[in-house]
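One structure is given here, and the rest of the page talks about it.
For this chain, numbers begin at 1 and follow the sequence in order.
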Amino acid sequence: MSGAVPSDFGGTFHGRHVLVTGHTGFKGGWISHWLMQLGARVTGIALAPDPGPNLCDVTGLTGNMDSRLIDIRDREALLMQARDIDADLMIHMAAQPFVRRSYAEPAATFATNVSGTAHVLDLARAMPSLKAAIVVTSDKCYENNEWSWGYRENDPMGGSDPYSASKGATELVAQAYQRSFFNTADGPQLATVRAGNVFGGGDWGEDRLIPDIVRATVAGQPVQIRNPASIRPWQHVLEPLSGYLALAARLLTDGAPFAGPWNFGPDISGTVNVRELAAQMQESWGTNGPQFEFGQADPKMHEAGVLRLDSTKAQTQLGWRPQLDLAHAVQMTVDWYRAHQANENMKEFTMSQIAHYGALMSGASQDTTSLAAQ
């Protein structure tokens, strides 16, 4: 078994050039901040951030990086506008991330998630300095049989809705590129990563539970909850990102043994139903917290009832472990949104939460109830 992951990832990213696609999004923004804190030079390719509040704008993310607004569905534009980028590592996060939007825009979802991934990998394999590439997909890439146990990396891909099917197809595209173009022991290596239902400060995505709760609570309205009995692997955004970075570090230093698919899900205690997570948000918020109205699922839309990930491979081969129980993860999230409401410096607050998480990785003793006073 590998030892625990060091909070600085062995200094592997210091001075490295990292290309992050989707940096204007939620997960892409957090990992870009983290990489820059670790001393990496970050270049980003993405669409403009969504209108309204978003992590990219409220934290001033693009002030210290090379940010390029390019639509990855347009292969010629991507290869032309990004032809001068020569990164050591690429982390591909640009995607259409919403299940419900995939029903309204199925072809566009496949164009972004499947063809867009092929376009980005074409860009990556033309980079002379590239040593590693990571393609981020989703726990929903698996053919969901409503099993009570977690899916493992060698389980079959599938998907009943356009979003899930696009993620399964993305995995197949990445696997084909790995076997065809990233297949030499001394050449660049390709891995794919799958996480659970990720939440955290700075997410204002549509039809996502935590952002919906925050929006309604701030507006003084009850939160409409569909599918309260659905079980999901909930995790704070920094949990899977720590896994992606741990994997990237090993790809950069040790290469081929770490290529291929990886799960980074929460412990079983984080796999709860929607009603339980909503209650945890209510408890963490306290006074003037969210109020809920529980509804029924839309019969026209398929959504999994039970979905769990098995992360044994990451735990045994990388030494990766989740650091936050669900209560701590929810409290960090509530603290972030409250800081934003209070007009605090959100870049500093975001970096303080990354530092706090790093201290947990190092085993440092810290207050696990609130970061609001830091």
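Under the rule for a salt bridge (Lys or Arg N to Asp or Glu O under 4.0 Å), Glu153 has no partner lying at least two apart in sequence or in another chain. Partners of Asp254 by salt bridge (Lys or Arg N to Asp or Glu O under 4.0 Å), not counting sequence neighbours, listed by chain and number: Arg250. Not counting sequence neighbours, the partners of Ala339 by the side-chain contact (heavy atoms from CB on, under 4.5 Å) test are Glu344, Met346, Phe349. Partners of Asp57 according to the salt bridge (Lys or Arg N to Asp or Glu O under 4.0 Å) rule, which considers only residues two or more places apart in sequence or in another chain, do not exist here. For Arg83, the side-chain contact (heavy atoms from CB on, under 4.5 Å) criterion is met by Met80, not counting sequence neighbours. Partners of Thr109 by side-chain contact (heavy atoms from CB on, under 4.5 Å), not counting sequence neighbours, listed by chain and number: Gln96, Ser102, Asn113, Ser166. Annotation: ring pair (Phe, Tyr, Trp, His ring centres under 6.0 Å) contacts of Tyr177 (sequence neighbours excluded): Phe181. In terms of the ring pair (Phe, Tyr, Trp, His ring centres under 6.0 Å) criterion, residue partners of Tyr337 (sequence neighbours excluded) are, by chain and number, Trp204. Residues passing the salt bridge (Lys or Arg N to Asp or Glu O under 4.0 Å) test with Arg41, sequence neighbours excluded: none. Listed by chain and number, the residues in a side-chain contact (heavy atoms from CB on, under 4.5 Å) with Gln280 are Glu283, Ser284, Ala327, Val330 (sequence neighbours excluded).
Of the possible donor and acceptor atoms, one in the side chain of Asn54 sits under 3.5 Å from a partner among the backbone N and O of Gly52. Thr21 places a side-chain N or O within 3.5 Å of a backbone atom of Ala94 that can act as its donor or acceptor partner. Between the side chain of Asn273 and the backbone N or O of Glu276 there is at least one donor-acceptor pair closer than 3.5 Å. At least one donor-acceptor pair closer than 3.5 Å links the side chain of Ser311 to the backbone N or O of Gly265. Formation of a donor-acceptor pair under 3.5 Å by the Glu76 side chain with backbone atoms of Asp74 is not found in this model. Judged purely by atom type and a 3.5 angstrom limit, Gln81 has no side-chain atom pairing as donor or acceptor with the backbone of Leu79. Between the Lys167 side chain and the Gly159 main chain, no donor and acceptor come within less than 3.5 Å of each other. Without hydrogens or angle criteria, Gln353 side chain to Met332 main chain gives a donor-acceptor distance under 3.5 Å. A donor-acceptor pair under 3.5 Å links the side-chain atoms of Gln282 to the main chain of Pro290, judged by distance alone. A donor-acceptor pair under 3.5 Å is formed between the side chain of Gln235 and the backbone N or O of Gly196.
Shown here for Ala174 and Leu190, the closest heavy-atom pair between the two residues is O-CD2, 3.1 Å. Nearest approach of Gln224 to Glu293, heavy atoms of both residues: NE2-OE1, 2.6 Å. The two residues Leu123 and Ala82 come nearest to each other via the heavy atoms CD1-O, 3.7 Å. Annotation for Thr62 and Ser67: closest pair CG2-OG, 3.5 Å, computed over non-hydrogen atoms. What you find for Met127 and Ala87 is that their closest heavy atoms are SD-N, 3.6 Å. Nearest heavy atom pair, residue Gly25 against residue Leu55, reads O-CD2, 4.4 Å.
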Check against side chain to side chain contact (heavy atoms under 4.5 Å, CB included), Leu130 and Arg125: CA-CA 7 Å; Leu130 189 75; Arg125 66 192 185 97; 5.9 Å; no

Intermediate values then yes/no, side chain to side chain contact (heavy atoms under 4.5 Å, CB included), His328 and Leu360: CA-CA 12 Å; His328 190 174; Leu360 295 177; 3.6 Å; yes

Derivation and outcome, side-chain hydrogen bond (donor to acceptor under 3.5 Å, both in side chains), residues Trp336 and Thr350: CA-CA 8 Å; Trp336 195 100; Thr350 298; 2.9 Å; yes

Stepwise side chain to side chain contact (heavy atoms under 4.5 Å, CB included) test for Thr271 and Leu309: CA-CA 9 Å; Thr271 305; Leu309 286 177; over 6 Å; no

Candidate pair Tyr357 and Trp30, rule ring pair (Phe, Tyr, Trp, His ring centres under 6.0 Å), full reasoning: CA-CA 12 Å; Tyr357 188 87; Trp30 275 96; 9.7 Å; no

Salt bridge (Lys or Arg N to Asp or Glu O under 4.0 Å) between Arg215 and Asp212, worked out: CA-CA 5 Å; Arg215 277 188 290 264; Asp212 285 348; 2.7 Å; yes

Derivation and outcome, side chain to side chain contact (heavy atoms under 4.5 Å, CB included), residues Leu318 and Leu247: CA-CA 7 Å; Leu318 291 172; Leu247 174 60; 4.1 Å; yes

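In this structure, Leu19 and Ile45 have side chains that are in contact, with non-hydrogen atoms separated by less than 4.5 Å. For the pair Phe13/Asp88, no side-chain contact is recorded, criterion being any heavy-atom separation below 4.5 Å from C-beta on. Residues Ile70 and His119 have side chains not in contact (no heavy-atom distance under 4.5 Å, counting atoms from C-beta outward). The side-chain heavy atoms of Phe9 and Trp34, taken from C-beta on, include a pair separated by under 4.5 Å. Contact check for Leu89 versus Arg16: no side-chain heavy atoms found under the 4.5 Å cut-off. A 4.5 Å side-chain heavy-atom check between Leu121 and Val135 finds at least one atom pair inside the cut-off. Taking the side chain as every heavy atom from C-beta outward, Ser269 and Leu326 never approach each other to under 4.5 Å. You'll find the side chain of Leu251 stays beyond 4.5 Å of the side chain of Lys131, heavy atoms only.
Note on Val42 and Met93: same hydrophobic cluster, where clusters join Ile, Leu, Val, Met, Phe, Trp and Tyr whose side-chain heavy atoms are under 4.5 Å apart, directly or indirectly. Linking ILVMFWY residues whenever their side-chain heavy atoms come closer than 4.5 Å, directly or via other members, leaves Phe98 and Phe26 in distinct clusters. By the rule that hydrophobic residues join a cluster once side-chain heavy atoms approach within less than 4.5 Å of another member, Phe199 and Ile225 end up as members of one cluster. Under a hydrophobic clustering in which Ile, Leu, Val, Met, Phe, Trp and Tyr are joined whenever their side-chain heavy atoms come within less than 4.5 Å, directly or via other members, Phe264 and Met90 fall into different clusters. Cluster annotation: Val237 is connected to Val272 through the hydrophobic network of ILVMFWY side chains, with a link wherever side-chain heavy atoms come within less than 4.5 Å.
Between the side chains of Thr137 and Thr192, no donor N or O sits under 3.5 Å from an acceptor N or O. Thr312 and Asp310 form a side-chain donor-acceptor contact under 3.5 Å, judged by distance and modelled atom types alone. In the model, His33 has a side-chain atom that pairs as donor or acceptor with a side-chain atom of Thr59 under 3.5 Å.
Asn288 CG: 12 or fewer foreign heavy atoms inside a 6.0 Å radius.
A distance of 8.5 Å separates NE2 in His23 from CG in Asp66, rounded to the nearest 0.5 Å.
Here Leu47 sits alone; no ILVMFWY side chain lies under 4.5 Å from its own, so it joins no hydrophobic cluster.
The salt bridge (Lys or Arg N to Asp or Glu O under 4.0 Å) analysis of residues 188-204, with sequence neighbours excluded, yields the pairs Glu171-Arg194, Asp203-Arg208.
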